[in-house]
Amino acid sequence: MKTILITIAAAMSLSAVAVHAEPTQMSPYATDASFGAEGYTSTDGEVLYQTLCAGCHMPDGSGAVGAGKYPALKGNANLEYSAYPITLIVNGQAAMPAFGTFLNDEQVVALTTYLQTDLGNDFEPDATAEAVANARPATPEDTTKAEHE
Ligand code: HEC
């Protein structure tokens with residue numbers, strides 16, 4: 001009997017360890033089922049947009065007004081030059097979450113190019129990996145300061 005109890009206790013603590021070993025260090029958004037693992041590895045601007053951004057800005061970029069106010073990205077003159085969207089995507093702003101911690105430079109370029117050339121926008125894409133790298137905070141940990149609501 002004693003051996004059985006010890007075995008059960010050992011099994012329980014093992015499963016507790018297994019639970020704690022789950023990756024949780026990314027943003028809370030990473031654990032949201034609506035953001036599949038594919039969304040983070042894709043370098044396709046459209047896939048990234050539809051996975052990460054469409055929930056707030058709508059699949060066609062028309063934005064939304066409801067619990068919050070999500071600006072339209074469709075036909076948005078603020079997207080003419082990539083510096084602004086790059087900064088927003090990397091660092092967030094107000095209720096716009098920061099994506100810098102889990103998107104690499106190439107992914108941010110792909111997303112920005114998508115915003116500039118799709119969703120009813122017809123701008124000359126000018127995003128570069130270098131510009132994305134420069135938009136990142138000096139210490140990578142800083143991007144985790146983004147507030148998630
Ligand atoms: C949780 C909701 C949410 C998600 C997800 C989100 N955004 Fe936003 N976004 C916002 C809000 C809110 C603002 C307005 C921020 C402000 O008040 O300054 C905004 C602003 C923006 C702007 C600036 C628009 C302008 O005209 O000033 C861009 C560009 C943008 N978002 C792109 C993106 C991209 C690209 C993604 C996906 C990587 C994304 N957003 C995901 C909520 C969201």
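The first residue of the sequence shown is numbered 1, and numbering continues consecutively from there. Start at 1 and go down the list; that is how both ligands and their atoms are numbered.
Residue Leu79 touches ligand 1 through its side chain alone, judged by heavy-atom distances below 4.0 Å. Both the backbone and the side chain of Ala95 come within contact range of ligand 1, each with a heavy atom under 4.0 Å. Counting heavy atoms closer than 4.0 Å to ligand 1, residue Tyr49 contributes nothing at all. When non-hydrogen atoms are compared, ligand 1 lies under 4.0 Å from neither the backbone nor the side chain of Thr112. Both the backbone and the side chain of Cys53 come within 4.0 Å of ligand 1, counting heavy atoms alone. Contacts of Leu48 with ligand 1, taken as heavy-atom pairs under 4.0 Å, are absent altogether.
With ligand atoms numbered from 1 in the order given, ligand 1 contributes 11 (C), 13 (C), 14 (C), 19 (C), 20 (C), 24 (C) to contacts under 4.0 Å with heavy atoms of Pro71. Near Ala94, the atoms of ligand 1 lying under 4.0 angstrom from a non-hydrogen atom of the residue are 16 (C), 17 (O). Set against the non-hydrogen atoms of Leu111, the atoms of ligand 1 under 4.0 Å away are 38 (C). The distance from ligand 1 to the heavy atoms of Asn78 drops below 4.0 Å at these ligand atoms: 25 (C), 26 (O), 27 (O). Atoms of ligand 1 lying under 4.0 Å from any heavy atom of Cys56, numbered from 1 in the order shown and given with element: 1 (C), 2 (C), 3 (C), 4 (C), 5 (C), 43 (C). Of all atoms in ligand 1, numbered sequentially from 1 with element shown, those under 4.0 Å from a heavy atom of Asn76 are 24 (C), 25 (C), 26 (O). In the vicinity of Leu115, heavy-atom distances shorter than 4.0 Å reach the ligand 1 atoms 35 (C). Each of the atoms 12 (C) of ligand 1 lies under 4.0 Å from some heavy atom of Lys69.
When every heavy atom of Cys56 is checked against every heavy atom of Ala64, the shortest pair comes out as O-CB, 4.0 Å. Here the closest non-hydrogen pair linking Pro125 and Thr113 is CB-CG2, 3.8 Å. Nearest heavy-atom pair across Ala135 and Val90 is O-CG1, 3.9 Å.
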Between Asp44 and Ser42, does a side chain to side chain donor-acceptor pair (under 3.5 Å) hold up when you go through it step by step? CA-CA 5 Å; Asp44 182 314; Ser42 175; 5.3 Å; no
Under the side chain to side chain donor-acceptor pair (under 3.5 Å) criterion, do Asp126 and Gln116 qualify, and how do the steps go? CA-CA 9 Å; Asp126 64 344; Gln116 291 185 300; 2.9 Å; yes
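Side chain of His57 to main chain of Tyr70: no donor-acceptor pair is present (N/O by atom type, distance under 3.5 Å, no hydrogens or angles). For the pair Glu106 (side chain) and Thr43 (backbone), a donor-acceptor distance under 3.5 Å is absent.
At a 4.0 Å cut-off, at least one heavy atom of Pro97 sits close enough to ligand 1 to count as contact.
Interatomic distance, OG of Ser62 versus CG of Leu73, reported as 9.5 Å (0.5 Å rounding).
Using bins of under 30°, 30° to 60° and over 60° for the plane-to-plane angle, the ring pair Tyr114/Tyr49 lands in the tilted bin.
For atom 8 (Fe) of ligand 1, the N/O/S atoms of Tyr70 include none lying under 2.8 Å. At a threshold of 2.8 Å, atom 8 (Fe) of ligand 1 has a backbone or side-chain N, O or S atom of His57 nearer than that distance.
Aromatic rings from Tyr84 and Tyr81 are positioned such that their centres are separated by 6.0 Å or more.
Contact check for Lys74 versus Asn121: no side-chain heavy atoms found under the 4.5 Å cut-off.
Taking only nitrogen or oxygen atoms, main chain and side chain alike, Gln93 reaches within less than 3.5 Å of ligand 1.
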